[in-house]
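Note: hydrogens, waters and symmetry copies are ignored here, and every other heavy atom, side chains too, is used. Just so you know, ligand 1 is whichever comes first in the structure, and atom 1 is the first atom listed for that ligand.
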Amino acid sequence: MFQYTLDIFSDSASVPISGLGPVSVPFFEPDLASYDHFLIAFSGGKDSVALVLDLLERGIDPEKIELWHHDVDGREDHGNFMDWPVTADYCRKFAAAFGLRIYFSWRIGGFKRELLKTNAMIAPVAFETPEGVKVAGGERGEVATRRRWPALSPNLRIRWCSGGLKVDVMSIAINNQERFRGKRVLVMTGERAAESTNRAKYLPFENHRCNAPGRRVNRTVHVWRSVHAWSDEDVWAIIRRHGVVAHPCYYLGWGRASCAACIYGSPSQWASLRVAAPEMFGVISTMEGELGHTIQRDETVTQRADRGRAHDMDPETIRIAMSRTYEGLIRVATADWHLPKGAYGENAGPC
Ligand code: SF4
C-alpha cells in the first residue's frame with residue numbers, strides 16, 4: 001500500500017498565519033482523473049464553497065461530485081439548537097444552482113441529544129444515499145452520561161461536537177455504502193493553514209480513516225484539503241468570480257459560517273446572536289444553568305455577550321438567516337456581487 005508521508009510533498013506554499021507571519025506549508029495535487037467520487041464536506045461556509053468552485057474550474061465532471069452536509073442539530077427536534085436555521089436550505093439551493101447532488105447526514109437527535117445523554121450510548125447516524133435514508137452506528141458505544149459542553153480543544157474526543165456530529169458521521173456514511181466498494185473516493189475538506197496554527201499542521205493530502213484497500217472491502221479513500229494553502233483573499237476571489245452569494249451570516253458580520261452558537265464564539269458573536277436570535281441565545285444560556293456547566297470555563301454566554309459589541313445587522317438579513325427556507329439568491333452577476341461585511345472578520349471557531 002502506498003504510504004502518504006511528508007516526503008511526497010515536494011512542493012510548498014508560503015501562508016501568512018496570524019501571530020506567526022509567513023509559514024511554509026506542504027502542497028500536493030493528486031491525480032484527479034483517477035477518482036470515481038468526489039465527496040465534499042459542505043458546510044455552506046466560504047471554504048467549502050471554494051472547494052466546489054475550484055473542482056468545477058478544474059473541469060471535474062459534476063456527476064462525480066457530491067456535496068455532503070452534516071446537520072449538527074439532527075432532524076428530530078424540528079428546530080435549531082446550535083446551528084443557523086437557514087444553513088441546510090442554503091446548502092440545498094447552492095447544490096441546485098450548480099446542478100450538483102447533495103446528501104444530508106446527521107447524528108439522530110443532534111447536538112442536544114448528545115449534550116443531554118444520560119446513561120445511554122451515542123446515537124446512531126442517519127444518512128441520505130441514492131437509495132434513500134439509511135441508519136447505522138450507535139450499537140457498540142459505551143453507556144455513559146455526558147451533560148457537559150464540548151471542550152474547547154483540538155482533540156476531537158473531548159471536543160465531541162466536531163468529532164461526533166461531523167467527522168464520525170461522514171465516516172459512518174462512507175463505511176456503510178456498498179457503492180464505494182472497488183472505487184477510488186476523494187474526500188475534500190476545507191481546512192486552511194491560514195486559519196490557525198493547528199490547521200497549519202494538517203497535511204494537504206492523506207489516507208482517510210475509511211481507506212480500506214484490502215481485497216475484502218477494496219475501497220480507496222483519500223482526503224485532499226485543496227484549499228489548505230489558500231489565503232482569505234483567494235477564497236473570496238473564487239466566490240466573486242462565480243458570483244456566489246455567501247451564507248447570510250457573512251452579511252450579518254460573522255467571519256466564519258460555523259454553528260450560529262459555536263462554542264468558540266467570540267464576545268461579539270455572542271452579543272450579536274443575542275440580538276439576532278434572542279430565543280436561541282436564551283435556550284443556551286438556560287441550558288448552561290441547568291447543566292451547571294458553561295461553554296467557556298470562566299464565564300457564561302451572557303457574561304461573554306456582555307463583554308462584546310453586537311454587529312450592526314440588517315433586520316431583513318437576520319430574518320433570512322433565521323428562516324428554515326433560504327429566500328435569497330445563490331448567484332448574481334459578478335458586477336452586482338459585493339463582499340460581505342464579515343468577509344475578513346473574526347476568525348472564531350474550528351469547524
Ligand atoms: S461549529 Fe463550533 S459548535 Fe458547531 S460543531 Fe463545530 S466546534 Fe462544535
Side-chain angles (χ1 to χ4, degrees), residues 41-49 68-75 77 79-88 90-91 104-117 122-123 125 146-173 189-192 195-196 198-199 202 225 246-250 252 254-270 272-274 276-277 280-281 283-285 287-288 291 293-297 300-301 304-305 308 321 342 345-351:
F42 190 75
S43 67
K46 66 180 189 306
D47 301 323
S48 63
V49 167
W68 282 31
H69 179 78
H70 310 304
D71 274 331
V72 165
D73 287 321
R75 294 267 177 102
D77 226 6
N80 283 79
F81 179 55
M82 296 292 280
D83 210 357
W84 297 97
V86 79
T87 295
Y90 174 84
C91 293
F104 291 84
S105 45
W106 61 96
R107 182 76 66 181
I108 290 177
F111 194 114
K112 198 195 282 179
R113 192 259 180 205
E114 287 310 315
L115 175 65
L116 297 178
K117 189 176 78 163
I122 191 165
V125 164
R146 183 159 351 241
R147 299 186 68 80
R148 290 180 77 77
W149 297 96
L152 301 169
S153 161
N155 180 345
L156 296 192
R157 233 175 24 81
I158 53 176
R159 194 179 85 220
W160 53 260
C161 52
S162 310
L165 304 174
K166 292 186 171 181
V167 178
D168 296 347
V169 167
M170 187 168 209
S171 296
I172 288 172
T189 61
E191 299 94 348
R192 289 186 300 116
E195 293 175 299
S196 67
N198 185 47
R199 289 193 167 192
Y202 285 21
R225 302 183 173 93
H247 187 290
C249 73
Y250 294 109
L252 290 176
W254 266 257
R256 292 178 76 165
S258 36
C259 291
C262 179
I263 55 170
Y264 283 91
S266 67
S268 297
Q269 287 174 350
W270 283 110
S272 304
L273 188 72
R274 186 164 58 181
M280 196 169 176
F281 182 92
V283 167
I284 289 167
S285 169
M287 187 69 84
E288 283 193 328
L291 295 174
H293 182 235
T294 52
I295 294 175
Q296 294 281 333
R297 200 167 22 169
T300 65
V301 289
R304 197 158 174 81
E346 281 178 316
N347 189 19
C351 278

Has Cys262 got an N/O/S atom less than 2.8 Å from atom 4 (Fe) of ligand 1?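 For Cys262, the answer is no, given that no N, O or S atom comes within less than 2.8 Å of atom 4 (Fe) of ligand 1.
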Below 6.0 angstrom between ring centroids: does that apply to Phe104 and His69?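 Yes, the ring of Phe104 comes within the 6.0 Å limit of the ring of His69, centre to centre.
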Is the distance from the ring center of Phe111 to that of Trp160 below 6.0 Å?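 Yes; Trp160 has its ring centre under 6.0 Å from that of Phe111.
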Give the atom numbers and elements of ligand 1 that come within less than 4.0 Å of a heavy atom of [X].
| X | result |
| --- | --- |
| Cys161 | 5 (S), 7 (S), 8 (Fe) |
| Ser258 | 1 (S) |
| Cys259 | 1 (S), 3 (S), 4 (Fe) |

Determine, using heavy atoms of Ile263 and all atoms of ligand 1, whether some pair is separated by less than 4.0 Å.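 For ligand 1, residue contact (heavy atoms, under 4.0 Å) with Ile263 is present.
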Min heavy-atom dist Ser162 to ligand 1 below 4.0 Å: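 Within the 4.0 Å threshold, so yes.
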To the nearest 0.5 angstrom, please state how far the NZ atom of Lys166 sits from the OG1 atom of Thr189.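 Lys166 NZ to Thr189 OG1: 11.5 Å, rounded to 0.5 Å.
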What I want to check is whether the side chains of Glu346 and Ser266 have a donor and an acceptor closer together than 3.5 Å.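 The answer is yes; a qualifying pair exists.
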So, do Ile295 and Val301 sit near enough that their side-chain heavy atoms are less than 4.5 Å apart?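 Result yes, sub-4.5 Å side-chain heavy-atom pair found.
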